[in-house]
A.B. asks: 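Below you will find the structure I want to go over with you.
Per chain, numbering begins at 1; letters A, B, ... match sequence-line order.
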Amino acid sequence: MAILVNKESRVICQGITGKNGTFHSLACRDYGTNMVGGVTPGKQGEYVDGIPVFNTVWAAVKETGANVSLIFVPAAHAMDPILEAVDAGIEVIVCITEGIPPLDTACALHTVREEGRRLIGPNTPGVISPPERCKVGIMPGYIHKPGPVGVISRSGTLTYEVVDQLTKAGVGQSTCIGLGGDPVVGMSFVDVLKLFKDDPATEAVVLIGEIGGAAEEQAAKYIKQEFNKPVVAYIAGRLAPPGKRMGHAGAIISGGTGTAQEKIRALSEAGATVIDNLTQVGAVMQKILG
Amino acid sequence: MAILVNKESRVICQGITGKNGTFHSLACRDYGTNMVGGVTPGKQGEYVDGIPVFNTVWAAVKETGANVSLIFVPAAHAMDPILEAVDAGIEVIVCITEGIPPLDTACALHTVREEGRRLIGPNTPGVISPPERCKVGIMPGYIHKPGPVGVISRSGTLTYEVVDQLTKAGVGQSTCIGLGGDPVVGMSFVDVLKLFKDDPATEAVVLIGEIGGAAEEQAAKYIKQEFNKPVVAYIAGRLAPPGKRMGHAGAIISGGTGTAQEKIRALSEAGATVIDNLTQVGAVMQKILG
Amino acid sequence: MNLHEYQAKDLLAARGVAIPRGAVCYEPLEAVITARHLKSEVVVLKAQAHSGGRGKAGGVAIVSREDDIRARAAAIIGKRLVTRQTGAQGLPVAAILVEEVLPVDQELYLGVILDRNTARVTIMASPAGGMEIETLAREHPDKIFTVSVHPFIGLKPYQARGLAYRLTDDRNIAGEIVKVITTLYEIFVGYDCTLTEINPLVITGDRVVALDAKVNIDDHALFRHPEMGRLRDRTQEDLLELSARKEGLSYIKLDGNIGCIVNGAGLAMATLDLIALHHGAPANFLDVGGGASEQAIADAMSILLEDKRVKAVFINIFGGILRCDVLARGVIKALNRYGARLPVIARIEGTNIDIGKQLFEDSGLPIQMIPSLDEAAKLAVEAAQAA
Amino acid sequence: MNLHEYQAKDLLAARGVAIPRGAVCYEPLEAVITARHLKSEVVVLKAQAHSGGRGKAGGVAIVSREDDIRARAAAIIGKRLVTRQTGAQGLPVAAILVEEVLPVDQELYLGVILDRNTARVTIMASPAGGMEIETLAREHPDKIFTVSVHPFIGLKPYQARGLAYRLTDDRNIAGEIVKVITTLYEIFVGYDCTLTEINPLVITGDRVVALDAKVNIDDHALFRHPEMGRLRDRTQEDLLELSARKEGLSYIKLDGNIGCIVNGAGLAMATLDLIALHHGAPANFLDVGGGASEQAIADAMSILLEDKRVKAVFINIFGGILRCDVLARGVIKALNRYGARLPVIARIEGTNIDIGKQLFEDSGLPIQMIPSLDEAAKLAVEAAQAA
């Protein structure tokens, strides 16, 4: 078992005929993902290396039974495909697009939540479950290895770094999720922790946070009150100056809140093992799992 | 017991300092209604014959524990007070105002339903429960009499006519509800029938329909499938020409649907006693109740 | 309130929807000149009147270059158009729309309404345009596709796209249809319409063109669209209905001879039904409303008394907000002015009933007060038949 | 992107919100003339720079008619303003806003933000204006009132009214505040802001006036507000940061001497932290992003090589979308252009790692490749200290 996606997932790609859409749809399929279709208006009847293209998500769902969607569309129009996916009944929506205006994300997210669906991202590498050979995202599949550790992160390459350490230390992963680097994203640390809690395939969790917002503090509160598996945490951005946006739209310290120090304190108090040196995450987790 | 309102209801009036608001707030109180306050922005601290006025529904609810609101505000701005009432936690909203643009009502109704509240109207005489001495509306209280018959209607004076007949025939009423004469209204026949079904105080129901829409047909379907108490029905508008709006914004036959004949057939087939002659409703109900 | 076809098309064209080339013409000669300028082998002359079924009623003529366009136009302009919707007296036609005739590859249907059940704006589209939506709904319900618009979110591009790709597989045509759907929706919500419709929307080559259009606006929302109010064509409405509306009354002319005054639309409809049940024929529907003043009642009464067809007046009032004394004063005022030439049967009940009765009795006018509604209706029918 | 106070006030004033009379002045003499025209006993001179805390840093001067306004203005215009937010080098001040000083009955706070938790626009109001919202939140959390706006419904009048009546009991003042709240919200959503704020909004007699205003716009949404992009004042931004942004890079200058190139914001932040852990000091944050081209990498490298403070370069790349061979080519290109005057420590991993390594080796450039991230960081710190 895995959370969010698994080998039964029927995945489509919205924007499949674009350069990124095509490249990553095929990369996902190569990894093992059950890519059942793609959507590009006006291209119904075409195929992308054997993957059928539909005009609408509605048509794709009807013909393929899709329940997961990977979205690659320009930031200026990204709200519409998210709403289309929800309307067509897609359960898990992974939005890779970066640079979506946050008010658009907020609108789309309202509908996603109202309809009880899951949005991962935007501005995320996506989600991957190595034991299920299912990857819905843009992460390099080969660095992953099946195993018992869940990984949650707000960042892309930082996640790869940690996953690589885990794999090299012989520690595999159950599911790895990038929440996305924007100020407003779909799933939060707490949302994912709740899933990991009930996931028998996950024995421990790596939580990779960063400055900005209060998502890590909320995770700490949840870990303290409800979470029952070991958590190793790392928070990026201790050197960040207040008021400067550190690349990610979300990574900004404002008005003395959202600092790395606050997040580290909250997680430590919640019982998480907080690592100062990023390069030690793999080793520490290896030790914890014994 | 009664449905929707009862002697425990704590009622406020939005627009209480206006002419109609004042007149009917006092008339409701005279009938026995527990009028706990009113709302007119900028008039907090004033009193309308002893009823305290608040700036906002929020303040009124906080100070009085109100759970029912009677709305008298101009049609051009009626969406806002409905949403305000919902936001402040009011459970039953009675909107008397007529002439609200239907798209505004549709918007407000969406929020009312989303939040699980009840909207009666707009363009309704309101609701009255004689056994509870609770009247939230503009109907003449004195024609009513406590008893076992529930009355549901899309029309105002037509309801009074029927209630008057019932009372003169010695048949009292449990609760009488005007759904409102607009094309889009809050509660439907079916919504109210569901409440009457579970209401031990109601033994039989008078349903007063009219041309336009399909609410009576839906009521017929519900009566056939689920409703277990005698229903006496009357449908107004058999002479109405297609395409002409008969006073009520809702009363228009369009495209061959919404005719009185269709509604009468549906209700008869559902087992309701459909009366041709309006003036016989009281007598027929008297007979049914034996 | 309804717009004329040419007004509806103007709204569409101003927002970029293609319509046939053409112009509205008020004189036959204008039609001739317009037809010549169009440089089209065939042109269509369409009567501008607020009714469906214009074609079957002779209101639409397809004429070729060789035809006597002036005579064909003169046969429509200035005449009354009688369709199955207008009643025997028909509607005056002051103008015709003269348009090019386009080759048609496919006829589509697009319509926007407010669905009462869901309380949502609903967009209907069909690849089988040209026939009326009611016919379509009856005969080909599987060929009508709909999307329901969230009241706060509004129409999203994917919804319009979803409909467009049910009508065509062509990407460019679909893109054009998306624009038309979006425009039709925007007009609907922008002007608080009860209906916006393009039927047919035709595919002609690589273009989509609105061959006919309907825009009906909700009277209750006209206050926020004064520019639309100015498009109202009063010649298309009954004069009595117009003057009643000016007084805040709701009046509809019917074919009978019993003038009715009632308060409340439901009770008014029920009163007509009751008269019919006693084999009488009402001359009108007239709802004086809840808050009518003495003057409004007098005006309502005057409308009946001025109507030559009316042989008896039936007053049915259940006083609630409207008090019976106010009613009585208004009735007496009108009767005193016009003279009591007709039998008046009154059944009044409710608020201040005693004062109302007393006022009638004291007036010395020949008003018959009957407490039973059924009896009163019967008597009104008899009085009208006796006259 | 931030607007200047005067630009923010212009947006408010154009929508009917009252602001003090005054004008923006670029020369001391202009300030003197403006002050005279204002016919106010006392005027205020406010440095226009993108920083809070201008008052405490000497950027705001209240001057009376008798003062030497020209000298006071000259002390601000053309100087650099150093506040606790700007860092030691401060920000250039090209202009001052010269305004009348109004009698103040009460200072209020109004602010609009996007709440990350609820993903809703949230409006904050407080009767205790004048102090910063963070101070207010810490010291008087009970004096901040908020409403959360439904993303599709938008701000409704009752919500603005609800806030206004928490600030005042006066009906007219409340009405004015409702207008200001509505305007501030409309600017926020209309221009995709990250913050709109009026602090303080003052009650003066029967009016409410915005004494200060902040409007910050989300860079990600500037594409749909080109007219706002034109208001950007590039003098308020670091030159290197600006040129990096032009290349699609995300660069922030820091105070140390180790130049960093990383892909991904999270890994870039973590790299800075790692350097600090080894007692080094990074000269910058530089995220080349996921899809950087060879040229973008060369540009990023050039930015570091041109920075005189940089004593060593640390490259930390985890190739995903960005391939290690592309990276290597870009780095080599820049080093060949600028000469290899600095030690370069590279830790590369991920996609096409072997080609990347080979390219570095073949280049003959003195690039030290260290597989262990921890070791590499340590070495970079040592190299910078040795230089």
A.B. asks: Counting only heavy atoms closer than 4.5 Å, note whether D/A268 contacts chain A via side chain, backbone, both or neither.
C.D. replies: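 No part of D/A268 comes within 4.5 Å of chain A.
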
A.B. asks: Looking at D/A221, D/G266, D/C193, which one has more heavy-atom pairs under 4.5 Å with chain A than the rest?
C.D. replies: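 Of the candidates given, the most pairs with chain A belong to D/G266.
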
A.B. asks: Do D/R120 and A/H110 touch side chain to side chain, with heavy atoms closer than 4.5 Å?
C.D. replies: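 Sidechains of A/H110 and D/R120: in contact.
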
A.B. asks: When rounded to the nearest 0.5 angstrom, what is the spacing between CG in A/N277 and CG in D/L373?
C.D. replies: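 CG of D/L373 is found 8.0 Å from CG of A/N277.
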
A.B. asks: Taking the side chain as C-beta and beyond, is there a heavy-atom pair between A/D164 and D/E349 under 4.5 Å?
C.D. replies: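 SC-SC contact between A/D164 and D/E349 confirmed.
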
A.B. asks: Which pair of heavy atoms, one from D/G319 and one from A/P140, lies closest together, and at what distance?
C.D. replies: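 So the minimum-distance heavy-atom pair works out to O-CG, 4.3 Å.
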
A.B. asks: Taking side chain as everything from C-beta outward and backbone as N, CA, C, O, which of these in D/L254 sits under 4.5 Å from a heavy atom of chain A? Side chain, backbone, both or neither.
C.D. replies: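 Only the side chain of D/L254 comes within 4.5 Å of chain A.
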
A.B. asks: Would a distance-only check, ignoring hydrogens and angles, find a side-chain to backbone donor-acceptor pair under 3.5 Å from A/Y142 to D/T351?
C.D. replies: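 At least one qualifying donor-acceptor pair exists.
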
A.B. asks: Could you state the interatomic distance from CG (D/D273) to CG (A/L239), rounded to the nearest 0.5 Å?
C.D. replies: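 The distance works out to 5.0 Å.
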
A.B. asks: Check D/L267 against A/S155 and note the closest heavy-atom contact, atom names and distance.
C.D. replies: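 Taking D/L267 first and A/S155 second, the nearest heavy atoms are N-OG, 4.0 Å.
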
A.B. asks: Please look at D/Y251 and chain A and tell me whether the side chain, the backbone, both or neither of the residue comes under 4.5 angstrom of a heavy atom of that chain.
C.D. replies: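 No part of it gets close to chain A.
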
A.B. asks: Among the options D/L322, D/I133, D/N117, pick out the one with the most heavy-atom pairs lying under 4.5 Å from chain A.
C.D. replies: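 Sorted descending by pairs with chain A, the first entry is D/N117.
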
